[in-house]
Structure formats: C-alpha cells, structure tokens
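Naming: A, B, ... by sequence-line order, numbering from 1 per chain. Side chains are part of it too, since the values below use all heavy atoms of this structure and drop only hydrogens, waters and symmetry mates.
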Amino acid sequence: MDSHAPTIEVPLPPKELQREPLLLNKRPLGWISDQIACIVEGRTPKWWWIAFVPSFIIMCIGGAMLAYQVGTGVGVWGLMVPVAWAWDITNFVWWIGIGHAGTLISAILCLLRQRWRTSINRAAEAMTIFAVICAGIFPMFHIGRVWLGWWLLPIPNANGIWPQFRSPLLWDVFAVSTYFTVSLLFWYMGMIPDLATIRDRAKTKLRQIAYGIAALGWTGSNRHWWNYEKAYLLLAGLSTPLVLSVHSIVSFDFAVSQVPGWHTTIFPPYFVAGAIFSGFGMVLTLVLPLRVVCGLQDVITVRHVELMCKVLLATGSIVGYAYGMEFFIAWYGGNPYELYAFQNRAFGPYWWAYWAMITCNVISPHFFWSKRLRTNMWFVFAISIVVNIGMWFERFVIIVTSLHRDYMPSNWGYFIPTWVDIWTYIGTIGLFMTLFLLFVRFLPLCNIAEVKVVSEHGDPHHKLGGATGGHH
Amino acid sequence: MKTIPPPCPEPESGQKYWRSLDQLAETPEFRRWLEREFPQGASEFADPVSRRSFVKLMSASFALAGVGILGGGCRRPEEKILPFGKSVEGYIHGVPQYFATAMPTRGGAVPLIVRSNDGRPTKIEGNPDHPDSNGATDAWTQASLLSLYDPDRAQRFAQKGNTISKESALDALATLGAAWANPAQSARTAFVLEQSSSPSRQRLVTMLQLKFRDAKWVVYEPLDLQAWRRVTGAAPYYKLDGAKAILALDCDFIGTEADAHRLIRGFAKGRRIEKATDSMNRLYAVEGLMTLTGMNADHRLRVATSQIVAVAAAIAAKIAPGNAEVTALAAKLPLPAHVKAEWIAECANDLAANRGASLVLAGHRQPAAVHVIANLLNTALENNGKTVLFANVPETRSTSTLAELATALRAGQIDNLVILGGNPAYNAPADVKWADAQAKAKEVIRLGAYEDETFAASAQTTLQLPQAHYLESWGDATTSDGTVVSVQPLIAPLFDGLTELEVLARLGGLPTTKPYEIVRETFRATAAGANNFEESWKKFLHDGYAAGAKPGDKAPTLPTGDITSAFAAVAPVTLSKDSLEVVFHRDSRMDDGRWNNNGWLQEFPDPVTKVTWDGLILISRRTAEALGVKNTTTSKTTTDLVKVTVQVGGESKSITGPVWITPGMADNSLGIALGYGRKKGGTGRIGQNVGLYNAYDIRASDTMGFATGAKLEKTGERYELAVTQEHGAMEGRPIIREANKAQYEKFPKFANNFDLEAHMDFVPKYEKPEDGPVGRPKGIYEHPYEAYSKRKSMNGVNLEGKHLKSEIHAWGMAVDLNQCVGCGACVLACQAENNVPIVGKDQVTRNREMHWMRIDRYFSGAGDKLDEMIDDPQAVHQPMMCQHCENAPCESVCPVNATVHDEEGLNVMAYNRCVGTRYCSNNCPYKVRRFNFLDYNRRSLDQLKGPFYSSPMVGGTDKEWTLKRWWKNPDTGIRPQDEWDILKLVKNPDVTVRMRGVMEKCTFCVQRIEQAKISQKVKAGQSGDVRVPDGVIKPACQQVCPAEAITFGNQLDPQSKVSQLQKSERSYEVLGFLETRPRVTYLARIRNPNPKMPDYREIPISVQEYIGPKDHPKNLNPLEPHGAHAPAKGGGAGAEKKGAH
C-alpha cells in the first residue's frame, strides 16, 4: 500500500441518520451459519413439541371434517341459498391473501433492492406455500361433487367438453396453481445454497444423503453462484406480476358477478392491498415468536419488525381508503340495490362483522405511526393477530353480507356456521402450523447465504468485511 | 331399410288427453278416434280383470327390477330390467298413459286425469273436459300422489292385534256382518263414516240401513265444510265468475273452503282484464284470521271471528231493512269499536248496486246465523239462480251425533262398531272423549289408511283393514255441480287395501262385493235412459264423468223457526287479552290432519305465514305486544312457546305451541291449526312429532269453529320454526308492480315506469324490439348470440344457416299477477312433476328447501306508523321460478359449462356436468336455483328431522355398515330398502333424480316440451311443420293453476297467447335493468278498491313504499306520466331513483 497516499476519511453521518445494521452485534459469518443451521441440526427443542403436537391433532380433526363433509354432503356446512358461499370461500380468500407476503418479500423487494428482505424471506416464502396449500383445500372441497373437481382443468376429452373460460372460478384455478408452482420453485431454488451448507455440516449419513439430494450438487463455485443469481432474478421477475395477479383474479370471483356489494371495479387493487396487509400480519405473527425461541434476535431485528409495521400501516391505510370509497361509490352511483347492500353491511344483521372488520383493519394499523409501539414486540404481535382477524372478517363481510340480502327480499336469509365449518377452518390452521413447524425443524428458516451478504462481515466496503479504509 | 317412426297414437301431442283442440275442430280423425272410444291400450278398460293383471304385472316387474333407471340420478344406473314375456296390447314402453279418475273430497270430488308411467301413477292433473273444471287442482290433490306411495300406510290385515291373511279378514268381515244383521244385534251396532258424495256409497248405505235396521249411523267430519248445507238443506254451487261484487264473511274460498280450486277459477275469471277499460270484480272480505281471501281482497275488514256475525247482521240490515229479524239481530249485536259504519254502508251499497251480480259467502267456521244471513242476502240481492245455484249432491245423513254415540258406548248400549275411514280417536271433540268410548266396544271393524290413533284406541278388539288409496280403488263421486265422476284405479292396491264400498258390501252380505261391479250398478241409475248402457259406461270411465248435471236455481226456503233459533243462538262477544278467542282453522297443508304423513304437504309453505313443518298459534301484533310474546326472524326464526287454556265441557284444557305474529290478524284472537301434534303410533315417520300441539285437545263439540274465553300465557321457552320466507317486506323495490284500477285507466303503461332507468332521459334507449326491450338503456356490448349469428364463419367452420337461436321456437312465460291468488298449487305440481325432494324441517330452517318454484309473498304496511302497517297490511303474491334469462348471469360464471343456453332460449342445467360450485346461485339475482346439499333423495325419512346428518362412514342402514352397503349398491343411499322400494315409484321417469352436490332449478318442464316437439315432428312428417301449436305444451305449474295465471308458449309465434300477453301494457320484467332479459315476464297487478270506502287508498301501499316518504323532492310517482312515456321532458333530477329504503 502506498503510504504516501493521503488517507481519505469519510466521516460517518450523524448518529440519527445512520442506518441500523441489518445484523446486530457485529455477528461473524460463522455465527450466522451456526445459529441458523443448529435449529435443523440440534436436538428437537421442547417448545417445538409443545407447538407441534396440538397443531398435528388439530390438523387431523380438520381432515376428519373434510372426510365427513365429502362422505355426507356440503350440507354439513352452514351454507344455503342465498348464502351459497360462506366460510369456505372466506377462508380461501383469507389464506390466499396470507400467501401474498412471501412472494412479495422475496420477489418485489428483491427487485427493489430492499436488503432487509433477506432475514425474513425464507420463512415468508414457506408461509406462502403452506398458506396456498390451505387455501387450495377450500375451493376444492367446497364443491358439491368433490370427486369431479378435475373437470375444472382443461383436459382434452372424448366428449369435447372444455371448462368454461368465461368463469372467474376457472381463472382462479389457473391463477392459484401458477402462483403456487412459481412460489414453490422460487422457494426451493433460493434454498439450494443453504441446503448445501447443511449437507456439508451433516454428521450422519442419512442427513448427508437427504440434504445432498435436496442440494442438487451445489458446490458454491463461482459458476454456480452466477447461475443462481441469474435464475433468482428471473424468478423474481416472473413472480412479481403473479403477486398482483393472483389476488386480482380472486377478486374477480366477486367483481365479475352482479351481486350488489360484489360488483365493483375497485376490487382488484383493494384485494391486493388487503392481501399484502394480511400477509405481513401473518409474517409478523410467525416471526416474532420464532426470533425469540430460535435466538435470532440479531438476524431478525427490531428494525425488520419496524419496517414490516410500516408496510402494515401503508397497506392498512389503502384498505381503509377502499372501504370508504366503496361507500362513496355506492351512494354516488345511485343504484338503490348497491346502496342498500352497503347500508346493510354496516347496519344490517351482520353489523358486528362489519364493525369488527373496521376496528381491526382500519383502526389498529394506525397505532404504528408511533415508533414506540412499532418497537414494542408484544404490542406488534398482538396487532399482527388483530390484523389477521380483521382480514378474515373483511372476506366474511364481503361474501356473506353481500349474499344474504341481495335483490329479492323474499329470499333473504341469515347464515350461521356449523361446527363442521368451524373445525374445518381451524383444521387448516392446524395443517398450516404443522407444515410450518416441520419447515422450521428441517429446513433453514433464514437465508444463510443472503444474510451473510447483508452482514457487516460480508460487506466488502465495511471494515469488518475486509475494507481497511481506502479504495481497493 | 327406412326406419318407420314408432306409432304415435292420436292425438300426437305430449299430453294426448288434451283432445279439446280436436274436439273443437271436430276433425274426421277425431271422430274416428272417438268412436274407437279407448284409444291406446285402453281395451283393458272393458275388462277390469285384465287391466288389473296388467297393472299387477307392471308393479311386480318394477318391484323386481329395482327401477334402476329411476333411481339412477346422476350416477350410471345399474340396470336390471325384466322384459315382458308377452307384450301388452297397445302399450308402448316409455310412453305415459293417461286415465280419467277423481279424488273424492268431503262433499264433492276433484275430477282428474292421472298420468301413468309403466303402471305407476306419477302425476295428477285436473280433468279439463269436465264441465266444471279447467284442469286445475289444488295442493292437496297434487300431494295425494305421494300418499299413495307412503311406506307408512297401513299394510296389514289385523285382528285382535294379530296379523291375519286378507282372506281370513274378509271371512271375518262376512261372519261379523251376518251376526250383526239380526234386529237385536243391529241395535247394538254403530257405523261411523266420513262425508262422501259417492252415489254408490249412498246406495250401499241405504241397503245396509234396511239390513241393520236399528243401527246408529254417524257421519263425522272434524271439519264440516258443508256448513251452509246444514242450514239450507241444499248444496250451494257458486258461480263466482258472474259476480261483480263479492262479500266473503270469514269465508276463505281461495284457500281452505271446499272446492277452492274451482272457486279460485271463477274469482280469477272475474278479475281478468286485458285493457284498462275492462271491468273486474271487487272483493270485500270480513275475517279474523289472515287468509288468502283477505290477502286478495280489495277491502278487508279485520274483525274477530266471533264478532263477524255482528258485521254480517249490520250489512244485512242495510240491504234488507225490511227484515225484522235481521234488524233485531243487528240491534242486538254491537259492532266492534273499530268498524266504521261507513264501511258497512258502502259495502252494502256496492252489493246492492250489483244486484244479481253479487255474491255473499259465509265460511264453514261461522255459526248458523251467518249462513242464514248469507242466504237471506243472496236472496235479497237476487243472486239465486245467477251466482248461486243448488246442486244435487248425494249425502249420507247421520242418525246420531258422535257425542251421542260415545255416550251410548259408555252406557254399554253399543257393542259393535264399524269405523270406515276417518280417525275419530284423534280428531273427535275433546269433550266426547272418543278413544275411551271406542275402547268400550266389544268388536270394532276399522277401515283405515293408517294404523293410527283410532286403531291404537282399541287395537285388541279391532279388525283392522287397510284402506285403499283412491288411485287404487274403484268408486264414484259427485262434484259440486252435481256431475257424477268415476274413480278408477291406476294401480293394483299396493298393500292389498280395501275400499269402503267393498267393506260395506261384504259386511252387508250383498251379492256383489267387487267395487267395480258396485259402481257399475250405481251408474245404471245415472245412465238410465241411455240407449246403450255399455257405451255410456265406457264413456263414463273414459271421460271420467257423466255429463248432463244441471244445478237448479231455486233457493230452498228456510223454515222460519230455524232462522229464529239460529239468530237466538248468537250473543254479543267481548274479547280482551285475558279473554281471547280461539279459532280452529283448517290447515292449509294438513287439512284436519289427514295429510299428516305427507312430506310434500308438510314442506309446503303455508300461503300466508310461509311456515313449514309446524302448526302455529297465530296472533295479532297488538295482542302479542299486550301479552308480551314475540317472534324474531332476523337470524334464526324463533318464537315464544305459549300455553293456551280453554274451557272444554267445564274442564280447563290447554295446549302449548309456538306463537306467530301474523299481520292482519284480528286482535284478541288466536288462530290454531288443526292436524298437528301426532305422535309415534298415531302416524307415520314423516308426521310424528310435527307441530307441538294437537288442537283437538281444546276443541269441544259446541266450539268446533271457534271458542272464546281463552287465556294465553308464556312458557318462557323459545322454539325454532322453519320458514321459507323470513322477510315479508318488498323494501320499496319494484318487484311486484301494482296500481289501482283508476290509475291504470289513466296511465296504462304504468308498469314500466317502475323501471330503474325509466326516469333517466339522458341515457340512450333501445328503440326497436328486435334490438332489445324498448325503453331499456342500450347495452354497451352486443348480445353475444347476436354477434355470433352475424358471423359468417368461425375457426374455419362455416356458420351460414347455423344459428344459435332457433327460428321456430322461443319459449317464454307470462305470469299475470292480477290472476294469481297465491294458493301455491303450482309449487306442489312442480314438485310432483320434477321429482323435487323434501328436505325436512331442520333443512328448511337452514334455507335449503328444494322447491323449484316459490310463491313470494310480500306485505306492505299502510300508514306511516309502524303500528298501522302491521295491523292492516296489503299483500301481494308472485310466483317465482327460473326466469330463463337470455343473458343468464348463472351461465357465464359456471366453470364447467353445466348451465348453458339452448337454441330455443331455455336456460338448461346439465346435471351430469354440474360439480356444484354454487356460483350460479350466487349470481342469480332471482335466487331461484336450488342446491341438493345432503342427498335429499336418498336420505331416510327418519333423517328428515336432523340436525346430525349421518354419513355413510359411520352408522348403519338395514343392519349393515352404510359404507359397505353403499359400496355394493351406490343407488340406495342411507334409505332403508323398504322406503326406497316404494318411494322411488313416485318419480317421474322423464326427469332425472338429482343426486347431492348438484344445482337444480326450473326447466320450464323441458320433458314436456321435448315430448311435444317429438310428437309434432312425427305428425309433421314430410310437411316440415314442426312448430308446436300454441297451447299444446303446458308446464306443470300452468297446468295446475286454478287462476289461469301462468301462460307458457312460443314467443316466435306472434299469435301465441304468451306473445300477446308479453305485448300487454301491463307486462314487465323483474329486475329488467340488469339486462338479464328474462323469458318470464309478469303482468302488473290491479287493485279495484271502492273510492267511497273509508279504507280507500289512492295508490297501493307498495307503490307508496316505492315512492318513499312523502315530500321527498327526488321521489317520482311511477303512476304519473314522465320519462319515456311523458309528453314533455323531465325527471332528470330523479335519476337516482329510490328503490330501496
């Protein structure tokens, strides 16, 4: 090094403008690998069993409910005419909405170079995939003759009968299955380097083989990395429109119909915003306990949580705006049936669902204007659950209250769920938790490789990352 | 070789019994055919023995074959069909046959044509050729078909509790009859019969009365619908179509009086208007319960049932002021406080102004005095011979009352009891204590359709004989105009039942015991004078009636003593919340309890309350408020259980039942339905435990119509009810459009002024009918079918001449709301024709009833105050079924193409393709699609009660694990084999029996359309004239409609009746602004109130609701010219027209 060259001191920005590091306590690279991989490698912790056993039992109850429903008829649910869709589609839309955050975090935030995504994207993607699995159960099982559900697929057949391409339900089939496939690929591909890490650290033959197969022969060579980065970017680009399309198309189920309260053009953006809102709510619900029990407070930091809270605040405000705009249009549009549908939402027999939705979705995110509340983990956790309850109610309000009183007063009705409805829904939560816990136990729940990139040690410009203060 | 089309017997329409067109035409073919007398396969008529064996063969083959094709549903059926060894002459497999018969009712009969598919009667229709019928029937007649196939009917011959063979039962009958015929024993013998208009029964009874000289004869009916006859001694025969002003004194002639189907027709005829200037009748109703008659009345006066006599007397005193007795009665009975003298006076004036064209009717519940007054009024108004005639209908007279017989039984004076039909142990007045009395008899012979309460009352002494259903019996009856009709069997008795005629003949030891012979013998008297008895007999059976009866016009003169005693019997009644009146009414579904085990009727919504599967305690809103009881309908429909206590013969008796606040009920009055509260052992699986109370428990011999002095107290419990329409208000929506006659005359096009866009002058509208409905805003997009038909080719396929729309047929329907009275017969006709299953009470509470057709009933409240609204509402009815929209919202959302449009404009459901997403139902603005949630066709009768639905995974059927059983034969579901075997016989083989998970809906009876098209094709042959003539196709609802409110036909035929009606200025589309373009259109309803009446309203209340609160600047009156029909522009400010709230 040229000792004559003057040392260029770049003064640090003032304290309040300094970005908080994404990995706290200047953790070294080895610590990252150890800390994340040890969840997979270590003994099964007690908390895992405490969470897993009830989840598994609930999942089995849900399975029994579905078996009962298929064996007996959809009538075991509380559905009826006029409310021919109720908890089934409510749950479907709710789960699909939750499934939005994962791909948004990994794809859109990747394209937007939001480096904070790396700590949470893996768990969020896993959440996405499991949520879409849970979501898929409902449209599949809500139909009257489950065993003929494959008729919705465009399979060439001797009768020459095709599905009806004008039906939004068919669009759903395409949208959801595409979303699921791409998300799964994205998730798996992003996991390959980490699977290789675990393979390399494996102490038993079984693990070596299992993770070895899963790692697809990853060696970490420059060429591998180069291909990986390209593919990752391509998939991110591919997923980005999907994030917007899935929920837009799900919203067409309603918007394309002519039920007052469904037939509105605002639905696609409103649904997407709501989906991101609920997705981030669910990410927070999952990640907040995880970072504690897995000792990942330095990886998933308060700053991460705060950033997610800001997303909640933004999307929650969009959702609130949409609620208001719906009412405005109902009044301004001058269609008495539509006006009635909205009045009925707020003041009809299901007023409680509407006001539960407003409380949870419109009011609760506004607490996050306060930094003190954003950084209070217990508070954030509580709000994240409230958000998910609110978003469930939103779908319930849209579906059930619109249907229960539409055009013909003679046929108005009141939907009441049965215990099968309730347990099927809870059962999917059990399925989701079961899958998620298995994921936590057997797969790296944070992106080891990418977290290293955003760490100070991994930053070549940072002192810890090798920079010694000058150009190199 | 050229395929020769199968022979198509004349006439070649789908419904070949409609020979009326030919008859009118008097074509040579028809003459030839008439001479042949019995066109197809009816040679068996001449010889009952071969007919029976044919029918037996058919039923046997079905029992063996398992009728896979019927039960197949959406699954591939397992076919086990035994071929005929030898074909039956004239029988074409799969082609239904039609036979004339009649359903006997209490004092009359309903003449019928019954369809038989392969030996099974599958649909009952009215006999249109009968001089006094238009082919209409009522709901009970429609549902009687299901009772034929009731697996809970009495099936065994039993003596002293043991099952015996039919032969020994008949021997026992003969032995007992012979033993009782001597004078000593005959004095200890009593016969209990039901009312009957059968000349044969009357003949046999007369013969037996000679044989059993001193026997007591009791004709007992819990509901004596012939009350007027009791007073005047003659059977009145009303001609309502000739009446311009009608006064109904507690007479529900549209609903629950005898012969309603016929009276509705007369009434509706009198209301039929084609132009605004046509005249129509005016109905005044004075009643305590809210009934269909009151709902259809132009003026309805709400008076407690026990006080109606006062109103009747007051009106009579106005019309016949010279009659001293009437004036004295009117003076004796004070009018209830809320009755305005003007009402009485103007009503009387209107009746008097229509002298000779008016009619006063008195209800069967009312005491003799009201019947006497009605008779006096009709005489004073010169109606006799014009709107009231008197027919010769045979009647068996009692020699003793049931109460006297019970006393004699208790005194040990009677040992031998013959009970033919009826169920006195259940429905006798409570003070008679019949069941105890009956148990005193040493020998009881009982002919009963069920092993019911009467059987149970003396099971150890009874010779129980199963009674044959009328579709299994030979018999005869007389309709109310005096025409004798034949009752012919369509099927051999399923359970070997006997008819009343056979039992009487065997008991009397008569030489002829075969009912066929008995009827034939009786007919000799009717046919006396005919040249050829054999020919007239054949004609009688074939036509179903013997023409020629002429009701007389001479009113019988009432003996003065009777009038005096009748008037003396009434006294002023004061009612209060502590001394209520209890009205025992004929239930619109159970009748007096006889239809208790009929699932179709149990699930048939009451036309007024829309409640199913329950008997209610009807109460007015004010009284409910005073007594602190309420019912809620917002979420679950629940109501207070109340205890009603009445003094019966000095004892305090009570019943507990659900209370139901009914708009329009008189205050301090309780309506209590007969026919419920039956328990296991009394009735079958459907009827047991339906309804909480048995009204007969509090009904005494002297209070058969109504009782006073009742008390009501809350029990504190709540009870859930199954209601098919929870919301009774139209919410100001223009779904049913109506106007008063005066406005209609001024603004004939008012109906279309209710349209949402009628006031939007700035929106471009369709101008030519071929583009779209004239006056409707232009669509932005071209109609896809039209766009398609304009294309020359698509995907390389030449489309020239291949139109998606047929150029021959476009099916449409017009429903005249001015005709419809809301009786609901169409609902049951549709159920029978289209294999619509029942779902049970639990499922109805969950809004899962399956009726393809419903009658929407809306109340609209008068006045601005809620109080007034509920007290004296106006009501409207609307039959609602699939509207067969040309732009059907259901079609575009079905992901599997299961609901599609056919080229003739039907919105068709491919059940096989349906996977059950229910999206179509959500998107249907009319909510007329029905979803089979729980495999209702295969659920056992026990399962109807819910709420846990057994799954094939757990639980057993026929002592086998259901899943295993299902695996072996997926067709039977969880129905026990015995139920399944018999209940499947009722199905119409031309209509798929839908499985679970499939959406279903009205098809316009596509099977009838197709049959008619096929036979028209066969008929057309080379001529190519394949257009089905107008009037040939009648869907089940149109066929049954007594009011002739429904018209179906071809819209492409400008001469067809439906095209004419749809061009009417009253014609409108429901929710037409959605651009669904329904093929079903409605004709607006017209009210005809009397401007001089104190309760006159210038516009109907529903229109006031639509307009909204008065003085609202934006609200436009649709009954004023504006918009498209206005001479000058205006109304732009009213663009966002109020329609809901």
What I'd like to find out is whether the side chain of [X] reaches to under 4.5 Å of the side chain of [Y], using heavy atoms alone.
X      : Y      : result
B/H727 : A/S410 : no
A/L79  : B/F931 : no
A/M408 : B/V928 : no
A/S257 : B/N923 : yes
B/R918 : A/I143 : no
A/Y337 : B/R733 : yes
B/R846 : A/T418 : yes
B/V893 : A/L169 : no

Largest heavy-atom contact set with chain B, pairs under 4.5 Å, which of [options]:
options                : answer
A/I161, A/L148, A/L170 : A/I161
A/V259, A/V146, A/D406 : A/D406
A/P260, A/P168, A/P349 : A/P168

For the residue pair [X] and [Y], what are the closest heavy atoms and their distance?
X      : Y      : value
A/W412 : B/E726 : O-OE1, 3.1 Å
A/Q164 : B/E891 : NE2-O, 2.7 Å
A/P82  : B/N922 : O-OD1, 3.7 Å

Side chain, backbone, both or neither: which part of [X] has an atom under 4.5 Å from a heavy atom of chain B?
X      : value
A/W162 : backbone
A/I416 : side chain
A/F252 : backbone
A/D253 : both
A/V70  : backbone

Can you tell which part of [X] gets under 4.5 Å to a heavy atom of chain A, answering side chain, backbone, both or neither?
X      : answer
B/A729 : backbone
B/M880 : side chain
B/S892 : both
B/T637 : neither

Which of residues 847-854 of chain B have a heavy atom under 4.5 Å from any heavy atom of chain A?
B/N847, B/R848, B/R854
Examine distances only and state if a side-chain atom of A/H142 and a backbone atom of B/T917 form a donor-acceptor pair shorter than 3.5 Å.
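Between the backbone of B/T917 and the side chain of A/H142 there is a qualifying donor-acceptor contact (under 3.5 Å).
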Calculate, to the nearest 0.5 Å, the distance between atoms [atom1] and [atom2] belonging to [X] and [Y] respectively.
X      : Y      : atom1 : atom2 : result
B/N897 : A/W151 : CG    : CH2   : 12.0 Å
A/R145 : B/R996 : CZ    : CZ    : 10.0 Å
B/K927 : A/L403 : NZ    : CG    : 6.0 Å

Who wins among B/C894, B/C914, B/P889, B/G728 for the most heavy-atom pairs under 4.5 Å with chain A?
B/C894
With chain A as the partner, which of B/N932, B/D856, B/L963, B/V915 has the greatest number of non-hydrogen pairs under 4.5 Å?
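The residue among B/N932, B/D856, B/L963, B/V915 with the greatest pair count is B/V915.
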Verify whether the ring centers belonging to B/F933 and A/W77 lie closer than 6.0 Å.
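Here the rings of A/W77 and B/F933 have centres that are no less than 6.0 Å from each other.
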Passes side-chain hydrogen bond (donor to acceptor under 3.5 Å, both in side chains), B/Y919 versus A/S167? Steps please.
CA-CA 9 Å; B/Y919 199 174; A/S167 170; over 6 Å; no
Is the number of heavy atoms from other residues, nucleotides or ligands within 6.0 Å of CH2 (A/W352) greater than 12?
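Count over threshold, so yes.
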Does CZ in A/F174 sit with more than 12 non-hydrogen atoms of other residues, nucleotides or ligands closer than 6.0 Å?
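Counting other residues, nucleotides and ligands, CZ of A/F174 exceeds 12 neighbours.
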